[in-house]
Structures are given as C-alpha cells and as structure tokens.
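Next up is a structure, given as structure tokens.
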Amino acid sequence: MAHWLIKSEPDAFSIDDLKRNKTEIWDGIRSYQARNYLMSAAVGDTAFFYHSNAKPPGIVGLAKFVATNVVDPTQFDPTSKYYDATSKQDAPRWITVKVKFVEKFRNEIPLDTLKATFSGDDLMVVRKGMRLSVTPVEESIAAQLLEMARAQ
DNA sequence: GCCAACGTTGGC
DNA sequence: GCCAACGTTGGC
C-alpha cells in the first residue's frame with residue numbers, strides 16, 4: 001500500500017468539506033504528472049490532505065483512495081472551469097481517484113514544521129517551487145507524519 | 001498583493 | 001525544436 005500527499009486550497013475544498021461529504025471525486029487535476037501519479041495509485045492507498053494557500057499551509061488530515069481509474073466528469077462539462085474540449089468520450093484524458101475521509105488530525109502539521117523536519121528528498125512538498133498537487137510519500141515518512149499528527 | 005518557480009503556448 | 005511570452009501556483 002502506497003502513501004500520497006494531495007493538495008487542495010481550503011477555500012475551494014477543505015478537509016472539513018471532505019469530512020462532511022464522506023467521499024469525493026478528486027476532480028480538476030490538469031497536470032499530466034499529477035494524473036500519472038493518480039493512475040499508479042491503488043484502492044486502499046492513503047493520502048495526506050494538505051491545505052495550500054492557507055494560514056498556515058500544512059497537512060491537516062488523512063484520506064484514503066476508495067476508487068481508481070475514475071473518469072474526471074468535469075472534462076466533459078462545458079460549464080466547468082476544468083472543461084477540456086479536446087478530451088474524447090471514448091478516450092478520456094483526465095483520470096483520477098475517489099477519496100474518502102479518514103481523519104482530521106489532532107495536530108495540523110504546518111509547512112514550517114515540515115520544512116524543519118524533512119528534506120526535499122524525504123518529502124516533495126517542501127521543495128522550493130513544488131507545485132505538483134499529487135506527490136508520493138515514502139512509508140517511513142508517512143509513519144513519522146502520522147506520529148507527529150496524532151501526538152498528544 | 002508580490003513575485004519566484006514552473007508548465008504551456010505559439011512564433012519562427 | 002528552440003525559446004520568449006504568458007498564465008498559474010502558492011508561499012510569503
């Protein structure tokens with residue numbers, strides 16, 4: 001089972017929104033690199049939920065992938081800002097996952113703590129200029145993050 | 001609100 | 001196929 005970090009702006013979709021909705025199709029991914037990561041994900045993989053453009057930015061909770069190879073419906077919706085007129089119904093370009101709420105952490109892990117604890121090699125999100133919204137997290141790093149997030 | 005970093009677009 | 005221009009992301 002693999003671990004991931006997924007970014008969202010809380011103004012657009014927050015951990016509390018996921019908690020309320022229970023599950024959500026992770027739509028709007030329009031980066032091939034991020035899409036390719038999601039296409040390599042498996043049901044049961046866990047994802048650290050990261051708030052970007054937040055005060056402070058940081059990891060706020062945990063989610064789980066409950067479906068993979070999900071066709072992002074917004075690519076075929078002309079009213080969506082993620083509409084992609086060049087994507088074909090019989091060969092959808094944007095494939096994503098469905099995520100399920102697991103927990104909201106007792107302790108949010110702010111970005112400055114992440115930077116103080118991990119190198120860019122350990123955790124991609126702390127790299128300067130990192131814009132990718134889906135990144136892999138190694139098992140040992142995931143274990144450390146969970147410990148930090150759940151500490152009393 | 002600023003701006004560095006990065007991806008994409010389009011002229012050539 | 002190069003690369004300048006442009007748009008977006010996202011920390012600060």
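Sequence lines set the chain letters: A, B, ... in the order given, protein chains first and strands last, and positions in each chain run from 1.
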May I ask you to say what A/Lys55 touches in the nucleic acid, namely base, sugar-phosphate or nothing, with a heavy-atom cut-off under 4.0 Å? nothing

Testing A/Lys104, A/His51, A/Glu103 one by one against A/Val60 for a side chain to side chain contact (heavy atoms under 4.5 Å, CB included), which residue passes?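 Output: one option passes, namely A/His51.
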
Under 3.5 Å, is there a donor-acceptor pair between the side chain of A/Gln75 and the main chain of A/Pro92?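 Flag not set: sc A/Gln75 to bb A/Pro92 has no pair under 3.5 Å.
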
Residue whose closest nucleotide on DNA chain B lies nearer the 5' end, A/Ser31 versus A/Lys128: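 Going by which nucleotide is closer to the 5' end, it is A/Lys128.
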
All N/O contacts under 3.5 Å from nucleotides 7-10 of chain C to the protein, with atom names and distances to one decimal?
from, atom 1, to, atom 2, distance (Å)
C/dT8, O2, A/Arg131, NH1, 2.9
C/dG10, OP1, A/Lys7, NZ, 2.8
C/dG10, OP1, A/Arg131, O, 2.8

Does a side-chain N-to-carboxylate-O contact under 4.0 Å join A/Asp17 and A/Arg20? yes

Side chains of A/Ile95 and A/Val71: does their closest heavy-atom pair fall under 4.5 Å?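 They are in side-chain contact.
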
Determine the sole option in A/Arg93, A/Arg30, A/Arg35 for which the salt bridge (charged side-chain N to carboxylate O under 4.0 Å, His left out) test with A/Asp72 is passed.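 Looking at A/Arg93, A/Arg30, A/Arg35, the match for A/Asp72 under the salt bridge (charged side-chain N to carboxylate O under 4.0 Å, His left out) is A/Arg30.
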
